[in-house]
Amino acid sequence: ILNSLSIKNIAVIVLANLMDKYGSLNNESIQRAELAYKIFKKKGANKLITSGWDYRSDSSIFIAEAFMEFFVENKNMLKENIYCENKSRDTVGDAVLSRLNAYKKFKFKKLIIVTSDYHLKRTKEIFKFTYGSLIELEYFGAKTEGKESHSESEKESLIAFRNTFKNIESGNLKSIFHNLISKHPYYNGEIFEKLIL
């Protein structure tokens with residue numbers, strides 16, 4: 001009983017950027033991974049969640065697993081402390097599928113989200129909307145060069161997100177998931193194969 005009381009039950013999720021066809025992370029992904037590991041250790045977290053699908057047509061590697069390999073090889077982490085969410089295709093999927101799968105499995109009390117600095121505003125809105133008041137959320141952004149170049153696409157993506165999920169109550173996972181697989185072009189079959197869980 002004492003042991004279970006002393007467990008903080010914190011999870012850290014690191015959002016993916018890009019990798020090459022061999023599964024080597026690009027610089028931005030490495031910056032996010034380094035920051036996520038630092039926070040994981042500092043906060044005494046229990047689980048590290050990696051996310052991302054096999055998005056490259058020239059590779060069958062899931063970027064969630066490429067991140068896991070990075071932590072195992074470079075930080076000597078145990079695979080059992082890492083959870084790969086490998087069906088996620090974007091930030092919305094990171095939030096929805098982490099709640100649907102990782103949260104259901106581990107019931108963490110707090111989730112720390114690590115991404116890049118330019119991506120923080122959109123990430124906060126998406127995760128806050130998806131998790132509602134279910135758990136405590138905290139955010140960290142890895143510093144990037146030339147973040148101004150992302151501002152237009154971030155703005156457009158945020159507008160698209162709001163349109164896809166308008167009139168849905170924050171934290172209502174059933175409705176949020178329904179809209180993800182019926183209205184989001186990355187998941188409903190319009191751009192990529194329809195998501196099947």
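Starting from 1, each residue takes its place in the sequence as its number.
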Exercise. Supply the atom-to-atom distance Leu97 CG to Thr130 OG1, rounded to the nearest 0.5 angstrom.
Key: 9.5 Å

Practice problem: Could you list who else is in Ile49's hydrophobic cluster, with ILVMFWY side chains joined at under 4.5 Å, directly or through other members? | Solution: Ile13, Leu15, Tyr83, Tyr103, Phe106, Phe108, Leu111, Ile113, Leu120, Phe127, Tyr131, Leu134, Ile135, Leu137, Tyr139

Quiz item: Would Glu28 and Ser116 count as having a side-chain donor-acceptor pair, cut-off 3.5 Å?
Solution: yes

Self-check item: Tyr118: ring pair (Phe, Tyr, Trp, His ring centres under 6.0 Å) partners, not counting sequence neighbours
Solution: His150

Quiz item: Between Phe71 and Phe40, is a side chain to side chain contact (heavy atoms under 4.5 Å, CB included) present by the stated rule, with each step listed?
Solution: CA-CA 11 Å; Phe71 290 120; Phe40 179 83; over 6 Å; no

Self-check item: side-chain hydrogen bond (donor to acceptor under 3.5 Å, both in side chains) partners of Asn26, counting only residues at least two apart
Solution: Asn17, Ser29

Exercise. Using the test salt bridge (charged side-chain N to carboxylate O under 4.0 Å, His left out), find all partners of Lys75 that sit at least two apart in sequence or belong to another chain.
Key: Glu34

Exercise. Using atom types as modelled and distance alone, determine if a side-chain donor or acceptor of Arg32 lies under 3.5 Å from a backbone N or O of Val114.
Key: no

Practice problem: Decide yes or no for Lys43 and Ile39: does some side-chain heavy atom of the first lie under 4.5 Å from some side-chain heavy atom of the second? | Solution: yes

Self-check item: ring pair (Phe, Tyr, Trp, His ring centres under 6.0 Å) assessment of Phe161 paired with Phe129
Solution: CA-CA 11 Å; Phe161 164 73; Phe129 170 76; 5.6 Å; yes

Self-check item: Verdict with reasoning, His184 to Asn188, per side chain to side chain contact (heavy atoms under 4.5 Å, CB included)
Solution: CA-CA 6 Å; His184 193 311; Asn188 68 1; 5.8 Å; no

Self-check item: Test side chain to side chain contact (heavy atoms under 4.5 Å, CB included) applied to Ile82 and Thr50, step by step
Solution: CA-CA 7 Å; Ile82 303 168; Thr50 62; 4.0 Å; yes

Quiz item: Residues two or more places apart in sequence or in another chain: which of them pass side-chain contact (heavy atoms from CB on, under 4.5 Å) with Ile61?
Solution: Met19, Ser59, Ala66

Quiz item: Tell me the salt bridge (charged side-chain N to carboxylate O under 4.0 Å, His left out) pairs involving residues 185-197, sequence neighbours left out?
Solution: none

Quiz item: Is there a donor-acceptor pair under 3.5 Å between the side chain of Ser175 and the backbone N or O of Asn172?
Solution: no

Quiz item: Does one hydrophobic cluster hold both Leu180 and Leu197, with members joined at side-chain heavy-atom distances below 4.5 Å?
Solution: yes

Quiz item: How would you list all residue pairs meeting salt bridge (charged side-chain N to carboxylate O under 4.0 Å, His left out) that involve residues 94-107, not counting sequence neighbours?
Solution: none

Quiz item: Distance-only, no hydrogens or angles: does the Lys128 side chain make a donor-acceptor pair with backbone N or O of Ser133 under 3.5 Å?
Solution: no

Quiz prompt | Minimum heavy-atom distance between Gly141 and Leu35, given as atom pair plus value | solution = C-CD2, 3.7 Å

Quiz item: With Ile191, which residues qualify under side-chain contact (heavy atoms from CB on, under 4.5 Å), at least two apart?
Solution: Pro185, Tyr186

Practice problem: Sequence neighbours left out, what pairs pass side-chain hydrogen bond (donor to acceptor under 3.5 Å, both in side chains) with at least one residue falling in residues 156-171? | Solution: Glu125-Arg162

Quiz item: Under the salt bridge (charged side-chain N to carboxylate O under 4.0 Å, His left out) rule, what pairs show up with a residue in residues 110-124, not counting sequence neighbours?
Solution: Lys110-Glu136, Lys110-Glu138, Asp117-Lys147, Arg122-Glu154

Practice problem: Answer yes or no: is there a donor N or O on one side and an acceptor on the other, between the side chain of Asp20 and the main chain of Ser24, under 3.5 Å? | Solution: yes

Quiz prompt | Pair Val96-Ile176, side chain to side chain contact (heavy atoms under 4.5 Å, CB included): steps then yes or no | solution = CA-CA 8 Å; Val96 177; Ile176 292 169; 3.6 Å; yes

Self-check item: Minimum heavy-atom distance between Gly52 and Ile63, given as atom pair plus value
Solution: CA-CG2, 3.3 Å

Quiz prompt | All pairs passing salt bridge (charged side-chain N to carboxylate O under 4.0 Å, His left out) where residues 58-72 contributes a residue, at least two apart | solution = Arg56-Asp58, Glu69-Lys79

Quiz item: Mind checking what makes side-chain contact (heavy atoms from CB on, under 4.5 Å) contact with Asn74, not counting sequence neighbours?
Solution: Phe70

Exercise. List the atom of Lys87, the atom of Trp53, and the distance in Å for their closest heavy-atom pair.
Key: C-CB, 4.4 Å

Quiz item: Less than 4.5 Å apart, any side-chain heavy atom of Phe67 and any of Leu48?
Solution: no

Quiz item: Atom OG of Ser182 and atom CG of Leu195: how far apart are they, to the nearest 0.5 Å?
Solution: 11.5 Å

Exercise. Starting at CG of Asn46, measure out to NZ of Lys109 and round the result to the nearest 0.5 Å.
Key: 10.5 Å

Exercise. Taking all heavy atoms of Val14 and all of Ser51, pick out the closest pair and write down the distance.
Key: O-OG, 3.6 Å

